[in-house]
2 protein chains.
Amino acid sequence: MPSSFNITELSKEFCITTRTIRFYESEGLLQPERNGRNRVYSARDRVQLKLILRGKRLGFSLSEIADMISMYHAEPGEIAQLEYFLNRIHDRRLHLNQKRDDIELTLAELTSIEQQCNNRLENLKRAINDEE
Amino acid sequence: MPSSFNITELSKEFCITTRTIRFYESEGLLQPERNGRNRVYSARDRVQLKLILRGKRLGFSLSEIADMISMYHAEPGEIAQLEYFLNRIHDRRLHLNQKRDDIELTLAELTSIEQQCNNRLENLKRAINDEE
DNA sequence: TCGATGATTGACGTTTACGTAAACGTAACA
DNA sequence: TGTTACGTTTACGTAAACGTCAATCATCGA
C-alpha cells in the first residue's frame, strides 16, 4: 500500500470522478498536500475519503459527514466540551440505530416476498412436471 | 386508527409538508382517492407513505423507492418473471447488507471515541478532586 | 352573506451534489 | 519540438427533492 496517491488513483480506486474529489475538498472535507499545483493525497486523506463515501452510502449529507469527521478528529479539553461531545455521540448513535432498525425491517420484508416467490416458483415447476 | 386521512393529518403525523406528499404523488409513489377535488388517503396509502419515508431515511432515491414499492405489489406470473424478480430481491439484499455493515462499522467507531471521551472526562474530574 | 380556514393547481425558486466544458500549465515521449 | 496525457482553475449547467408564492375553490360558522 503506497503512502501517497494522486487524484486519478483515488478516483479509480473508489469509482468516483476527480471532479467529485475536488468538490469534497472545496467543501472542506479533504485537505490534501500539494506538489506544485498538483494534489497529493496521504494515506490519511485516503481513509478520510473512505469515511466520506461510507457516509454517502448511508444517506448522510456532506455537511453531516463533515460534522461526523470533525468528531473523529476533535480533542475536547474541557469538561463542558467533553459532555457536549458525548451528547453529540449519543445523538449520532440514536440516528444510526434508527437506520439499522429500518434496514432490519426492510430485510425482513424482503425475506417474506422472497418466500412467496419461491413458493409460486415451485408450484409453477410442479405444474409443468405434472403435465409431462 | 381511522381508515382514511386527509393530507394535513398525514403531514402532521409524519412531520412533512403537504407539498412533499403531493410531490410523492406527482412522482407516482402515492395514488390517493379523491373526494371531489380533495385527496383522501386510505390506510394502505398511509403504509405506503411510511415505506417511502423509511426508504428516505436509508438514503434511497425516490426512483429506487418506487422500484422497491413496486416489488411489494408485484405478482409475477411466469417462471422467467419470478426468477428475474428473485434476482432483484437478491441485489436489494446485498445493497442493504452493505448499508448494515457500514452502520456497524460507524457504531463501533463511535463506541471507540466515546470510550476515549469518557476516559478523559474521568481524568479531568479526578484532577479536580485531587485539587481539593 | 361574509370572512376565515383549508384544500387545490400551477409555476417559479432553491439547495445539494456534482457534470461538463473551456482555457491553461507541464512533464514525458516520439 | 510538437503532441499527448494528466493535471489545474473557473464557470456555467443540471437533476433531485422539495420550498414558496399566487390564484382559485369549497365550506362552515358568525
Side-chain angles (χ1 to χ4, degrees), chain A residues 2-42 45-46 48-70 95 98-99 102, chain B residues 2-42 45-46 48-70 95 98-99 102:
Chain A
S3 65
S4 79
F5 314 82
N6 69 23
I7 198 166
T8 315
E9 287 165 354
L10 289 186
S11 80
K12 284 183 179 159
E13 176 176 2
F14 296 115
C15 298
I16 55 181
T17 66
T18 58
R19 172 69 176 101
T20 298
I21 298 177
R22 291 197 197 95
F23 178 69
Y24 292 160
E25 179 180 349
S26 76
E27 296 293 299
L29 294 171
L30 290 171
Q31 296 96 26
E33 301 293 307
R34 296 280 177 141
N35 179 9
R37 288 162 61 86
N38 293 14
R39 293 168 173 84
V40 179
Y41 297 88
S42 68
D45 291 324
R46 182 173 161 279
Q48 194 107 333
L49 182 52
K50 266 192 179 180
L51 284 179
I52 298 171
L53 298 176
R54 199 170 73 193
K56 292 241 72 188
R57 284 196 301 271
L58 292 176
F60 290 110
S61 71
L62 289 186
S63 60
E64 284 177 303
I65 293 171
D67 186 66
M68 295 180 68
I69 287 181
S70 79
H95 199 156
Q98 159 83 344
K99 290 207 187 212
D102 284 335
Chain B
S3 66
S4 80
F5 313 82
N6 69 23
I7 198 166
T8 316
E9 287 165 354
L10 289 186
S11 81
K12 284 182 181 159
E13 175 175 1
F14 297 115
C15 299
I16 55 181
T17 67
T18 58
R19 173 72 177 96
T20 298
I21 298 178
R22 291 197 196 94
F23 178 69
Y24 292 160
E25 179 180 346
S26 77
E27 296 294 299
L29 294 171
L30 289 171
Q31 296 96 28
E33 301 294 307
R34 295 283 176 137
N35 178 10
R37 288 161 61 88
N38 293 16
R39 293 169 174 81
V40 179
Y41 297 87
S42 68
D45 291 325
R46 182 171 160 280
Q48 195 106 334
L49 182 52
K50 266 192 178 178
L51 284 179
I52 297 171
L53 298 176
R54 198 170 75 193
K56 292 241 71 185
R57 284 197 301 272
L58 291 176
F60 290 110
S61 72
L62 289 185
S63 59
E64 283 176 304
I65 292 171
D67 186 66
M68 295 180 70
I69 286 181
S70 79
H95 199 157
Q98 160 82 347
K99 291 208 186 210
D102 284 334

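Labels below follow one simple rule: chain letters A, B, ... track the order of the sequence lines, proteins then strands, and each chain is numbered from 1.
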Tabulate atom names and distances for all N/O pairs under 3.5 angstrom spanning the protein and nucleotides 15-17 of chain D.
from: dA17(D); atom 1: OP1; to: L62(B); atom 2: N; distance (Å): 2.8

Sequence-distant partners of [X], side chain to side chain donor-acceptor pair (under 3.5 Å), two or more places apart:
X      : answer
D67(B) : R88(B)
S63(A) : S61(A)
S11(A) : none
S4(A)  : none

#### Entry: Within residues 31-42 of chain A or reaching into it, pairs that qualify as salt bridge (Lys or Arg N to Asp or Glu O under 4.0 Å) - sequence neighbours excluded
E25(A)-R34(A), E25(A)-R39(A)
### salt bridge (Lys or Arg N to Asp or Glu O under 4.0 Å): pairs with one or both residues in residues 7-24 of chain A, sequence neighbours excluded
E13(A)-R46(A)
### Query
Got a sec, which residues hit salt bridge (Lys or Arg N to Asp or Glu O under 4.0 Å) with D45(B), two or more places apart in sequence or on another chain?
none
### Query
How close or far is atom C1' of dG19(D) from atom CD1 of I21(B), stated in whole angstroms?
15 Å
Each nucleotide N or O in nucleotides 8-11 of chain D that has a protein N or O under 3.5 Å away: list the pair and distance.
from: dT8(D); atom 1: OP1; to: R39(A); atom 2: N; distance (Å): 2.9
from: dT8(D); atom 1: OP1; to: R39(A); atom 2: NH1; distance (Å): 3.1
from: dT8(D); atom 1: OP2; to: R22(A); atom 2: NE; distance (Å): 3.1
from: dT8(D); atom 1: OP2; to: R22(A); atom 2: NH2; distance (Å): 2.6
from: dT8(D); atom 1: O5'; to: R39(A); atom 2: NH1; distance (Å): 3.3
from: dT9(D); atom 1: OP1; to: R34(A); atom 2: NH1; distance (Å): 3.1
from: dT9(D); atom 1: OP1; to: R34(A); atom 2: NH2; distance (Å): 3.3
from: dT9(D); atom 1: OP2; to: R39(A); atom 2: NH1; distance (Å): 2.9
from: dT9(D); atom 1: OP2; to: R39(A); atom 2: NH2; distance (Å): 2.6

### Query
Does K99(A) make a cation-pi contact with F60(A), if we ask for NZ or CZ under 6.0 Å from the ring centre and within 45° of the axis?
yes
### Query
Is the distance from OP1 or OP2 of dC18(C) to the nearest side-chain N or O of T17(A) less than 4.0 Å?
no
